[in-house]
Number of protein chains: 2
Amino acid sequence: MHDAPNQPVRPAVWPAAEGTAPDQEELLRLHGWWRAANYLSVGQIYLMDNPLLRTPLTREHVKPRLLGHWGTTPGLTFLYAHMNRAIRQRDLDAMYVTGPGHGGPGVVAAGYLEHTYTETYPSVTEDEAGMRRLFTQFSFPGGIPSHAAPETPGSIHEGGELGYSLSHAYGAVLDNPGLLAFTVVGDGEAETGPLATSWHSNKFTHPLTDGVVLPVLHLNGYKIANPTVLARIGDDELADLMRGYGHEPLFFTGGFDDEDPLTAHRRFAEVLDTALDRIAEIKAKAAEDDAAGREPERPTWPMIVFRTPKGWTGPAEIDGKKSEGSWRAHQVPLANARDTDEHLAVLDSWLRSYRPEELFDDEGRLREEYAETAPAGLRRMSANPVTNGGSVLRALRLPDFREHAVDVPRPGATTSEATRVLGDWLRDVIEANPDNFRIFGPDETASNRLQSVYEATDKQWNAQFVPDDDEEHLAPRGRVMEVLSEHQCQGWLEGYLLTGRHGLFNSYEAFIHIVDSMVNQHAKWLKVTNELEWRRPLASLNYLLSSHVWRQDHNGFSHQDPGFIDHMVNKKAEIVRVYLPPDANTLLSTYDHCLRSRQYVNVVVAGKQPGPQWLSMDEAIVHCTRGLGIWEWAGTEVEGEEPDVVLACAGDIPTIEVLAAAKILREQIPDLRVRVVNVVDLMRLQHESEHPHGLSEKEFDGIFGESSPVVFAYHGYPWLIHRLAYRHDRASRIHARGYKDEGTTTTPFDMLMRNDMDRYHLVIDTIDRVDGLGTRFAGLRQRMVDSRIRAREYAYTHGTDQPEVAAWQWDDNADESEPSKGTVTADTGGDNG
Amino acid sequence: MHDAPNQPVRPAVWPAAEGTAPDQEELLRLHGWWRAANYLSVGQIYLMDNPLLRTPLTREHVKPRLLGHWGTTPGLTFLYAHMNRAIRQRDLDAMYVTGPGHGGPGVVAAGYLEHTYTETYPSVTEDEAGMRRLFTQFSFPGGIPSHAAPETPGSIHEGGELGYSLSHAYGAVLDNPGLLAFTVVGDGEAETGPLATSWHSNKFTHPLTDGVVLPVLHLNGYKIANPTVLARIGDDELADLMRGYGHEPLFFTGGFDDEDPLTAHRRFAEVLDTALDRIAEIKAKAAEDDAAGREPERPTWPMIVFRTPKGWTGPAEIDGKKSEGSWRAHQVPLANARDTDEHLAVLDSWLRSYRPEELFDDEGRLREEYAETAPAGLRRMSANPVTNGGSVLRALRLPDFREHAVDVPRPGATTSEATRVLGDWLRDVIEANPDNFRIFGPDETASNRLQSVYEATDKQWNAQFVPDDDEEHLAPRGRVMEVLSEHQCQGWLEGYLLTGRHGLFNSYEAFIHIVDSMVNQHAKWLKVTNELEWRRPLASLNYLLSSHVWRQDHNGFSHQDPGFIDHMVNKKAEIVRVYLPPDANTLLSTYDHCLRSRQYVNVVVAGKQPGPQWLSMDEAIVHCTRGLGIWEWAGTEVEGEEPDVVLACAGDIPTIEVLAAAKILREQIPDLRVRVVNVVDLMRLQHESEHPHGLSEKEFDGIFGESSPVVFAYHGYPWLIHRLAYRHDRASRIHARGYKDEGTTTTPFDMLMRNDMDRYHLVIDTIDRVDGLGTRFAGLRQRMVDSRIRAREYAYTHGTDQPEVAAWQWDDNADESEPSKGTVTADTGGDNG
C-alpha cells in the first residue's frame, strides 16, 4: 500500500447505475466469501493453532484468554461481501467505515481475504502458517487490538470510543466527489450524542463536489448488557427519525427464523442496489443541474436499516441459554471454550459449520471462485488509498506569510489583532489550495476575526436558504464548516485529515474540552501510526483557540478554562505541540509551521483583541524557531552578569503584564537587573530527556539564569509550568502565576488581579523574591498594593478598566492611529460580520 | 427561598386537565407582563441608570460595555408568561429549564417580576433604586453573569456551554412524579451531540412514577453568525424528526409579518393548552393502567416547536440593516448605543415601545394587574424548591457498610473483587432509599461487578420489551439508568443531584473524558454556589471508575487513559476529591464517605478484578480517615530510624506492585530499611496551603521521611505526583512511576513493565536510588532485569502472564479457596449477567 500513487484516484463522474440482480451462482460465491470471513473471524477470537481444523480440535488450540466482540462481526462481513459485489459491478471507489469498531475480526478477515493484509504485513501469509499467525496475533500480547485500529488496512476509524463513524465518513468524502464512504453505524454507538447529531452532516455536503456517505444502521439489537434504543422503537418511529435526519430509509431484516442465507443475500443485494441506484441518480441530477448553471438542491440521500441477529451464524444456544440473537453474543459467546469437552465441541461444530475445507485450498488460501468476488487493486476497500491518508497527501501551497507581516518599527510601537492578520493569510491559503484545506469551527470563525477568509470562500451549507444568507457567507459550496457541535467539527476534521487533507479547528478555549476524549483517540492514532511504516504521515491536527481564558471576564466563570493545554500535555511528547505566540507576527510564523507539520496535534492559543506588537517579522521568525528567548530590549541586565530577577511569560496577555511590570521596575528600581524571557513553544520548558523540544541544563540556565528567582506569568494553570520544568536542576526557583479558577463576571484587568497575574502583583512578587528589595522598596510595594485596590474600585464603579490600564503602552510614542487600542471590545462575537 | 420546606411538595396525582382559553382581558394582562419582562431584559443589557426612563435618556445612562444576548430573550419571556397562566389555571408544579441559557436577562426579569429575586437578594428592591441595581449588576464587574447561572433563582442550568437542557430536565423529573419541567431547547444547542441524543430520554422515564418534561424547541433561526440547522429543514422533516424521537410535535409560528401580539398570545395559549391537556390525559391513563395492574406503555409525549423572530420586539432595522428576525439580533443588536445621538434614540424608542409608564407604578413596582398573572409562593417557577436542590435534600439512609466487610485476618490473606463487595452494599442502599438514589452508567453496571443491585431493582427502560428482557433486569420502573452515552448519564445525574437527590456514575476510566467539559461546568456550579448562602448544599457528584487503565491491557491503547484525575485536579481544591482505595474494605469506607458528602466531585478509582485484601474493616476505616499512612506490616524499618527508602503507592494495582517489590527487597536485602506508604486520598499529597486535605511539612516528613528517596508507584500519569507534592520542601526526593502512554495490546503485567511500574523495576529503582546499593547488589539488579525479560517472553508466547506473577501472593498462606486468584478474566464485561 505504500506504493499507492501520490494523487487521489477520484473519478470525475460518478459511475452510472448498473445494478443487476445477482444470479444463484453469484450468490453462492458471495455466500462462500462471507462464510470464509466469518470463519476467519471466529478463528481470530478463539484459536492459536490448527487454523484450518485439519486435525481434531483440542484445548491446546484454543487461546487461554478469549477476547473480542463476535456479536457485530457477521453483520459487518455480510455488508462487506455485498459491497464487494457492488464495487465490481459498478466500478465504485469505496471505503468502509466500521462504526461498530469492536468488530475488528471481521474487517481484518476481509482485508486478509482481499490479499491486502498480506501485502501490508508480509509475514501473515496466505497459507496455513499465515492463518495461524493471523489468528494468534488477534488481541494477543504484541499483536493487534480487538478493534478496528490503525493497524487495520482500510480503516480510518478506531473502534474503542464510539460515536464518530458518520463524522469521520463525512470528513472523508468532503472534496472527494467520486468517493463512497460505506458507513456501518452500530446501534450502540447510535445512542451517543456525537453520532446522534452527525446524521445532520448531510446539510453540509454538496452532491456534486463532495462524495457520498451511505449509512447503514446495523440494528443487531444489543450492547454489552442491554438492548439498544433504536432497535426498540419500532420501524415506524425509526423511519420517521431517519426521514427527520434527511434520509430515505430502506429497511432490511434478515437472518431470523432460520432464513436460508441465500434468500437473505438475494434480498439484501436488492436493497443495496436500490440505494446505490438512488445515489447514482442523485449524482447524475446534480451534474445535470450544475451543467445547466443551477445549484443542485439538497437531495434525500438513502440509508439502510439493517436488522440482523446479534452473533448471526453463531451457536443458537450455549449451556441452554440463547446466544445468537441475544446480548450474550455481544463479546465472546463461548467464554469458557477450553473448560469442558462439551464447550470445545460447541466451538468445533461452530467453526466447521462454515465448511472451511470447501473454502480454502490445500495450502490454506481462499479458493479463487470466492476470492474473485472481491474487487482488485485500489478498488478493494481495504486498499483504498484515501484510508492511508498520508499516501495521498499533497503538501499545501503556502503563500509567503512574511507578506502579511505587521510593521513593528519598535517593540510595542504598533497595535494589531493577531487573528485578523492570520485571517488575511488564511484567505490566501484557501485561494492557493482550493480542494484540500478547510476551516472548521462551532460558529466562531468571524467572531475569531478570521473573516477575511470569506473574501475567498463561503461557509458550506446545504439546508434551506433565505434571501439574507449571502451576507452571512453561506453557500452550497465553501471551505468553512460551521456547526454548533465541537464533536462534529472535530470528527469532520479528523476524517478530512485521515484521508490526506489539511485543516484547522478554531474554537473557544474553555469549550474545546468537549472534544478531550476525541483528541485523545486521535493522538493515540498518531502515536501508533508513527510505529507503522506503511502508514504515511498525516497533516497535523491544528487548533486555534482564540476566545481564550483571559478574554472571558465578562462571560464569567463558565467560559474560563485553560485546561485543554494540560490535557494535551499528558499525551506523548512526540505528538503534542503547544504554542502561545504573543503577537501577530509570531502567530503567522507559528501557523505557517503548523500547516507544514505532520503527525502532530498543534494547540495554538492566540488572542483576537487588539494588542501591542512586539517583534518584527524577522525577529518573530527567529524567536519562533528558538521557541523561547530573552527579550534584551525589555530587560535591564548588565552583560555578563547574572540578572537579579527573571520575568518570564507565555501567552499574549501574560506578555503584556510582564512587560508592564518590567517597565514599572525599570522606572522605580533602575539599578535592578531584570531579564525578560518570552516562551512561544511551551514544550521547550521541558528537559531534553522528556521532549524532543526540551532544553538541556545548560540551555535552561542560559535562559533563566543560574540562581536568580524566576517570576513566571503563564497563560493557563500555573501548575503546568512546574510540571514541565521540574526535571531541570534549578527549576525550583520558578514562581509561577496563572489562572486559578478565581474568575467571575468582571473586567479584563480585574480578572488578572483575581488570579494575581497582573503587573502590580508581578512587581510585588519581584520585591518579595529578590533579596534585599523588601526593605528598600517597602514604599513601592505599598503603592502596588494601592494600585490594585484603585484598579478594582474603578472597575466596579465604571464597569470598565481604568484608562491607564486599558490603554497602557510599552512604547510611549506608539502609533496612536492604529485601531482600537483603548476600546474595550467584547469577546462575544457580536461585532462580527 | 431558604425557608422552603424540607420535603418535596409533589402532588400524588397530576392535576386534571382544566385548560380554558383566555379572554381578551387576560391576554392583555399577560401581554403586559411580557412587555415588563422584555423591558427589564433590555434594561439589563443597556442601562446603568434612569431605569424607568423618567428623565430623557442620555449616554451616561448607558453602560460603557454592552454585553448579553438579546436574541433568545423575548421568546423565553413569552413562554414564561404563558406557563404562568397555565400554572395558575391548572395548579401545576413546574420548573423552567432555560436551554438557551444566554437569555439570562429574561429569566432574571421573570424572577424579579415574581418577587423571588428580591426575596433572594433583598438589596434588589422592587422600586426604582432596586431596578437600577438589577440593571447595573447584569454582566458588570462584581455582578451577575449574562447567562442563566447559579446566581439565578429557579435555575438548575448554566447557560455557558450548551447542550444539556433536556438531560438536566429529565434528571430533575425522575422520581418527581408531579413535576413538570418546562424545557426550552435552543435551536443552537439542538445541534450539539448531547442534546441530539437526549430527546431519547423519553424511553427511560415512567409515565406514573416520574414527572414530565415538556420540550419547547425554540426556533428563532440563528446562532452567532449562522442559521440553525433545525430552522432550515422545513416543517415536514422537523415533524418527522420529532416523531422519530418519540414525540407528538405541536407547531407554533408567531410574531412574523407584524402579527398583533394579542393574536400571537391567543394562538399560543391554545397550543400550550393542547400540550398540557395531552400530558394530563397521559398521566390519567397511566394512573388508570397502574390501578388496573397494567404497566402503562410508553406514551407519545407532546412537544412544541416554537418559531418566532430572533430578537422579537426589538428594532426592526439598525443602520439600515435588518435586526429583528436576523442573526444580528443574537447578542447586543445596538452595540454602539452610546456612540451617536441616532443610536441613542433607537435605544430610547425601543425601551419606550414597551410603555414602562403603564407597567410600573410610581415607586417602580410592577402594577398588581400584571403581577397577579404570575403564580404565588412555591408555585412560582423561580421559587420551585427543587431548583434549589439542597433545600429539599434528604440525607440517605445508609446501611452500615461494616456489615459488608471482607474478612482480612492478615494482610493479603484473602482475595476479593472490590466493586462486587461495594455492589452488595449498594443493593442495600437502594433498598433503604427507594425514591432518591439512582445509579447511572453507559451499559457497564454489571460489567463493573455491581450486579447485586439487581436484587433490589432493575434498569429503567420504557422502549419495547421482548420476552428475554427480564433476565437482563430491564423493567419500566427501576433505579439503574443505562444508556450508551456518557453525556446522557452525566446530564441525568446532574439534573437529579441539582434537584436534591443522590447518585453515582460508574464508567470506564478512559472514556469518562467524554464528560470532561460537563464536569467542568458542574464543578464551577458547585464553586459558585458555595459562595451563595441561599443555595443549600447538594449531594456530591460521585464517580466510580472501575474499568481502569491497568486492566485495559487487552483492549489496547485506545482504552488506556488515566487523565481524568489530572483534569479534575485542576479544579478548585474545595470542590474536588480523588480516592484510590486499594481493596474492598477501603472502597466501602470511601464510598460511605462519598455518599454522605456534599458539594464535592468525588472521583473514586477502584478495580473490579479479584485482588488481595490488605486491611481489616477497622484498619480500613482508620486508613481512609487519615487518607494515607505507613503500612508498618509491609516494611522493614527500625523504629526511630530514618528508612533507607520509602516505597509509596496509590491505586489498587500500584499497591500490589509496591508490596511485591517490598517482598523481594525483604528477602534479598534483609538489612534494608524499607517503609511502605499507601495513599487513598490523593489530595493529601498537597501542601496544606493548597488543599484542605493537604499535609503540613511536619506531617509530610513524618510520612515520607526526611531524607530517604521515595519511589512512588501511582495509578495515573506520574507527573501528577510531582505536581501535587511540589510545594513540600522535600518533595524533590520523589521518583514517581505511573502510566506513560506506553500501552499496547498485551497482558496485565507486561503493561506494567512497559510503563516501568512493575515490581522488578521498582526494585531496580530502589537499588539505583539508595546510596551504596548499586555496587552491593549489582547481581540482584541484573536478576530483576532478567525477570523482566523472562516475564515478557512468557507473555508473548503464552498470551497470559507467568503464574508466578498472575498468582503472586503477599501472604504465602493466603486462603486459596477464594475465587479466581489465578484466573485471568477479561475486563470487557462479557462475563456479566
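Naming: A, B, ... by sequence-line order, numbering from 1 per chain. Scope of the values below: all heavy atoms of this structure, side chains included, with no hydrogens, waters or symmetry mates.
- A distance of 7.0 Å separates OG of A:S139 from CG of B:N555, quoted to the nearest 0.5 Å.
- Ranked by heavy-atom pairs under 4.5 Å with chain A, the list B:D236, B:D469, B:T744 is led by B:D469.
- Only the side chain of A:W461 comes within contact range of chain B, with heavy atoms under 4.5 Å apart.
- For A:I512, no part lies near chain B; criterion is any non-hydrogen pair under 4.5 Å.
- Aromatic ring centres of A:H559 and B:H147 lie closer together than 6.0 Å.
- Both the backbone and the side chain of A:F140 come within less than 4.5 Å of a heavy atom in chain B.
- Heavy atoms closer than 4.5 Å to chain B are found in the backbone of A:A510, but not in its side chain.
- Proximity of a side-chain donor or acceptor of B:K524 to a complementary backbone N or O of A:F557 within less than 3.5 Å is detected.
- When the candidates B:V466, B:I144, B:D750, B:L162 are compared by the number of heavy-atom contacts under 4.5 Å with chain A, B:V466 comes out ahead.
- The closest donor-acceptor contact from the side chain of B:K203 to the backbone of A:L230 lies at 3.5 Å or more, if one exists at all.
- Of the residues considered (B:S146, B:A795, B:G556), B:A795 shows the highest number of contacts with chain A, using heavy-atom pairs under 4.5 Å.
- Salt bridge annotation for B:K223-A:E482: absent, with no cationic side-chain nitrogen under 4.0 angstrom from a carboxylate oxygen.
- Of all the listed residues (B:E158, B:M242, B:E189), the one sharing the greatest number of non-hydrogen pairs under 4.5 Å with chain A is B:E158.
- Neither the backbone nor the side chain of A:V515 comes within contact range of chain B, judged by heavy atoms closer than 4.5 Å.
- Under the 4.0 Å criterion applied to side-chain N and carboxylate O atoms, A:R328 and B:E471 are assigned as salt-bridge partners.
- Contact of A:M751 with chain B is not made at all, since no heavy-atom distance falls under 4.5 Å.
- Within the 4.5 angstrom heavy-atom criterion, atoms from both the backbone and the side chain of B:Y245 approach chain A.
- In terms of heavy-atom pairs under 4.5 Å with chain A, the best-connected choice from B:R232, B:Q521, B:R792 is B:R232.
- The contact between A:Y222 and chain B is made entirely by side chain atoms (from C-beta outward), counting heavy-atom distances below 4.5 Å.
- A:D240 contributes no side-chain N or O that, together with a main-chain N or O of B:L241, makes up a donor-acceptor pair within less than 3.5 Å.
- Neither the backbone nor the side chain of A:S732 comes within contact range of chain B; no heavy atoms are under 4.5 Å apart.
- For B:K571 (side chain) and A:D741 (main-chain N/O), no donor-acceptor pair under 3.5 Å exists by modelled atom type.
- In this structure, the ring of A:H722 has its center no less than 6.0 angstrom from the ring center of B:H722.
- Once rounded to the nearest 0.5 Å, the distance linking OG1 of B:T745 with CG of A:L67 reads 9.5 Å.
- Rounding to the nearest 0.5 angstrom, the gap separating the CG atom in B:N570 from the CZ atom in A:F564 is 13.5 Å.
- Residue B:R65 forms a side chain to side chain donor-acceptor pair (under 3.5 Å) with just one option from A:D553, A:T800, A:T747, and that option is A:D553.
- Of the listed residues A:G160, A:P562, A:S558, A:A196, the one with more heavy-atom pairs under 4.5 angstrom with chain B than any other is A:S558.
- Residue contact with chain B, scored on non-hydrogen atoms closer than 4.5 Å, involves the side chain of A:E690 exclusively.
- Here the side chains of B:L474 and A:N226 are in contact, with some heavy-atom distance below 4.5 Å.
- For A:A523, no part sits under 4.5 Å from any heavy atom of chain B, backbone or side chain.
- Looking at A:T136, there are no atoms closer than 4.5 Å to chain B (heavy atoms on both sides), in backbone or side chain.
- Of the possible polar contacts, one joining the B:T197 side chain to the A:E191 backbone as a donor-acceptor pair under 3.5 Å is found.
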